[in-house]
Amino acid sequence: MPVPVSVATEATFKSIEGNVDRFIKLRLLDYLTPARHRLAKFVGAGPDEIVFVPNASHGLNTVLRTLVWNKEDFIVTGRRRQLSHLRVHTSPLLTSPAATTTYNSIERTSRYISDLPPHPSISVFELNFPTTRASILQTFRAHLDALNAKLQIAQRKIGNGAKLKIVAIIDSIVSSPGVYLPWKEMVTLCRERGILTLIDAAHSIGQEPNINLSEAGPDFWVSVRVIL
C-alpha cells in the first residue's frame, strides 16, 4: 500500500473508532458522496447510480438474489470448451467439462437460484478458445436469438400475467483464462433484444481504459467494491 494511502486510512480508522455512532450517523456521507462523484467521473456514470459493496461477488449476488424470477426465465452464463486434442497440454482445471468463464461463485449462485422455486433455467453460452472477438459476437448473437425465440413462445402461452426475462451474466475480463471479452458489444446485442445484462467487471477498474458506462449502457455493472 502506498504510504499516503496508509496514512489516510489510519486517520480515517481512528476517526471511526473514536466515536462509531457519530461517524455512521453524521460523517459517513461526507466520505461516501465525494467518493461516488469521483468514481462516477472515472467510469462514466452518474453518482446516483453508484453503490459501494464489500466485493464484486457480493454485488453480483445482490442483483441476482433481488430479481423476481419466473419459471420460464433464463439466466445466461458462460463456459469455455477445450478442444479434445489440446487437453493433454492443459491443467485438469482447464479440461473439466464444467469449466466456466463465469466466476465460480457466481456460477454457483446461478445454479442455486435455478434449484429454488420457481426454478428459472440456466442457458450456457460456450466459448472455444482460441477465438476472435468477431466469432464471439456472432455465436453470442445466435445464442440470444434462439433463447429469445423460446422466451417469446413461453410468453404467449402465459399471456400478460408475468413479464418474462432473460438475464445475461457477462464477464468483462475473464480471470481464467485471461481474456478480454467484447462485453460492450455483447451488451448492445442484449439491449436490442430486451435482455437484461449483469456485467462481472471485477477486473476492469485498473486494467480497462475508457470504460464509459453511460455509452455502454449495461443494466448492472459490478467491479471491485462498487455496483452500478
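Quantities reported herein were computed from a predicted structural model and do not represent experimental measurements. Counting begins at 1 with the first residue of the sequence.
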For atom CZ of Arg65, decide whether the heavy atoms of other residues, nucleotides or ligands shown that lie under 6.0 angstrom number more than 12.
yes
Value rounded to 0.5 Å, distance of OG1 in Thr139 from CG in Asn128
8.0 Å
Establish whether Val20 and Phe52 are linked, either directly or via other cluster members, by ILVMFWY side-chain heavy-atom contacts under 4.5 Å.
yes
Can Leu32 be reached from Leu39 by stepping across I, L, V, M, F, W or Y side chains whose heavy atoms are under 4.5 Å apart?
yes
Taking atom CD of Gln152 as the centre, does the number of heavy atoms from other residues, nucleotides or ligands within less than 6.0 Å exceed 12?
yes
Passes side chain to side chain contact (heavy atoms under 4.5 Å, CB included), Ile205 versus Val224? Steps please.
CA-CA 7 Å; Ile205 291 182; Val224 178; 6.0 Å; no
Taking the side chain as C-beta and beyond, is there a heavy-atom pair between Ser172 and Leu181 under 4.5 Å?
no
Over 60° means perpendicular and under 30° means parallel, so tell me whether Phe140 and Phe125 are parallel, tilted or perpendicular.
perpendicular
Above 12 or not: heavy atoms from other molecules or residues under 6.0 Å from OH of Tyr112?
no
Taking Leu127's backbone N and O only, do any of them form a donor-acceptor pair with Thr131's side chain (distance below 3.5 Å, no angle check)?
no
For a 4.5 angstrom cut-off between non-hydrogen side-chain atoms, does Ile169 reach Leu64?
yes
Could you check whether atom NE2 of His119 has more than 12 heavy atoms from other residues, nucleotides or ligands sitting under 6.0 Å from it?
yes
Going from CZ on Arg141 to OG1 on Thr188, what distance comes out if it is rounded to the nearest 0.5 angstrom?
10.5 Å
Around atom CZ of Phe74, are there more than 12 heavy atoms from other residues, nucleotides or ligands closer than 6.0 Å?
yes
To the nearest 0.5 Å, tell me how far Arg79 CZ sits from Ile122 CD1.
9.0 Å
Are any of the side-chain heavy atoms of Ile75 and Ile113 separated by less than 4.5 Å?
yes
First locate atom OG1 of Thr102, then atom CG of Leu198, and finally report the distance between them rounded to the nearest 0.5 Å.
10.0 Å
Are Ser57 and Ser105 linked by a side-chain donor-acceptor pair shorter than 3.5 Å?
yes
Ser6 side-chain N/O to Pro2 backbone N/O, donor-acceptor pair under 3.5 Å
no
Does atom CG of Asp115 have more than 12 heavy-atom neighbours, drawn from other residues, nucleotides or ligands, at distances under 6.0 Å?
yes
Flag for Arg27-Ser15: side-chain donor and acceptor within less than 3.5 Å:
yes
Is Asp73 reaching over with its side chain to a backbone N or O of Lys165, donor-acceptor style, under 3.5 angstrom?
yes
How about Asn148 and Asp145: does a side-chain donor come under 3.5 Å of a side-chain acceptor?
no
Does some side-chain heavy atom of Leu213 sit less than 4.5 Å from a side-chain heavy atom of Pro218?
yes
Glu10 atom CD, over 12 foreign heavy atoms within 6.0 Å
no
Say whether Leu29 and Ile50 are linked into one hydrophobic cluster, either directly or through other cluster members, by side-chain heavy-atom distances under 4.5 angstrom.
no
Considering all heavy atoms, the nearest Ser114-Ser121 contact:
OG-CA, 4.4 Å
So, His143 and Ser123: side-chain donor and acceptor under 3.5 Å apart, yes or no?
yes
First locate atom CG of Asp171, then atom OG1 of Thr101, and finally report the distance between them rounded to the nearest 0.5 Å.
5.5 Å
Is Ile170 close to Asp200 at the side-chain level, that is, under 4.5 Å between some pair of heavy atoms?
no
Does Asp219 offer a backbone N or O that forms a donor-acceptor pair with the side chain of Thr197 under 3.5 Å?
yes
Cation-pi check, Arg108 onto Tyr103 ring (under 6.0 Å, within 45° of axis)
no
Looking only at heavy atoms, the pair that brings Ser214 and Ala45 closest together is OG-CA, 3.9 Å
Just so I know, are the side chains of Val167 and Ile195 near enough to count as touching, which here means a heavy-atom distance under 4.5 Å?
no
Side chain of Thr33, backbone of Asp30: donor and acceptor closer than 3.5 Å?
no
Could you tell me whether the side chain of Val124 reaches within less than 4.5 Å of the side chain of Glu126, counting heavy atoms only?
yes
Quick check: is Val76 connected to Val68 through a chain of hydrophobic side chains (ILVMFWY, heavy atoms under 4.5 Å apart)?
no
Using atom types as modelled and distance alone, determine if a side-chain donor or acceptor of Arg191 lies under 3.5 Å from a backbone N or O of Ala216.
yes
Check whether more than 12 heavy atoms from other residues, nucleotides or ligands sit under 6.0 Å from atom CZ of Arg133, and answer yes or no.
yes
Donor-acceptor pair, side chain of Gln207 and main chain of His203, under 3.5 angstrom:
yes
Heavy-atom closest pair, residues Leu144 and Cys190:
CD1-SG, 3.8 Å
Go through Ile136 and Thr132 one step at a time and tell me if the side chain to side chain contact (heavy atoms under 4.5 Å, CB included) criterion holds.
CA-CA 6 Å; Ile136 290 174; Thr132 63; over 6 Å; no
Flag for Thr109-Asn61: side-chain donor and acceptor within less than 3.5 Å:
yes
Would you say Lys184's side chain and Asn212's backbone share a donor-acceptor pair under 3.5 angstrom?
no
Does the Gln155 side chain pair with the main chain of Ala162, one donor and one acceptor, at a distance under 3.5 Å?
yes
Contact between Arg36 and Lys41 at the side-chain level, heavy atoms closer than 4.5 Å - yes or no?
no
Are the side chain of Thr77 and the backbone of Glu107 linked by a donor-acceptor contact shorter than 3.5 Å?
no
Please tell me whether Ser204 and Ser223 have a donor and an acceptor in their side chains that are separated by less than 3.5 angstrom.
no
Are Trp221 and Glu49 linked by a side-chain donor-acceptor pair shorter than 3.5 Å?
no
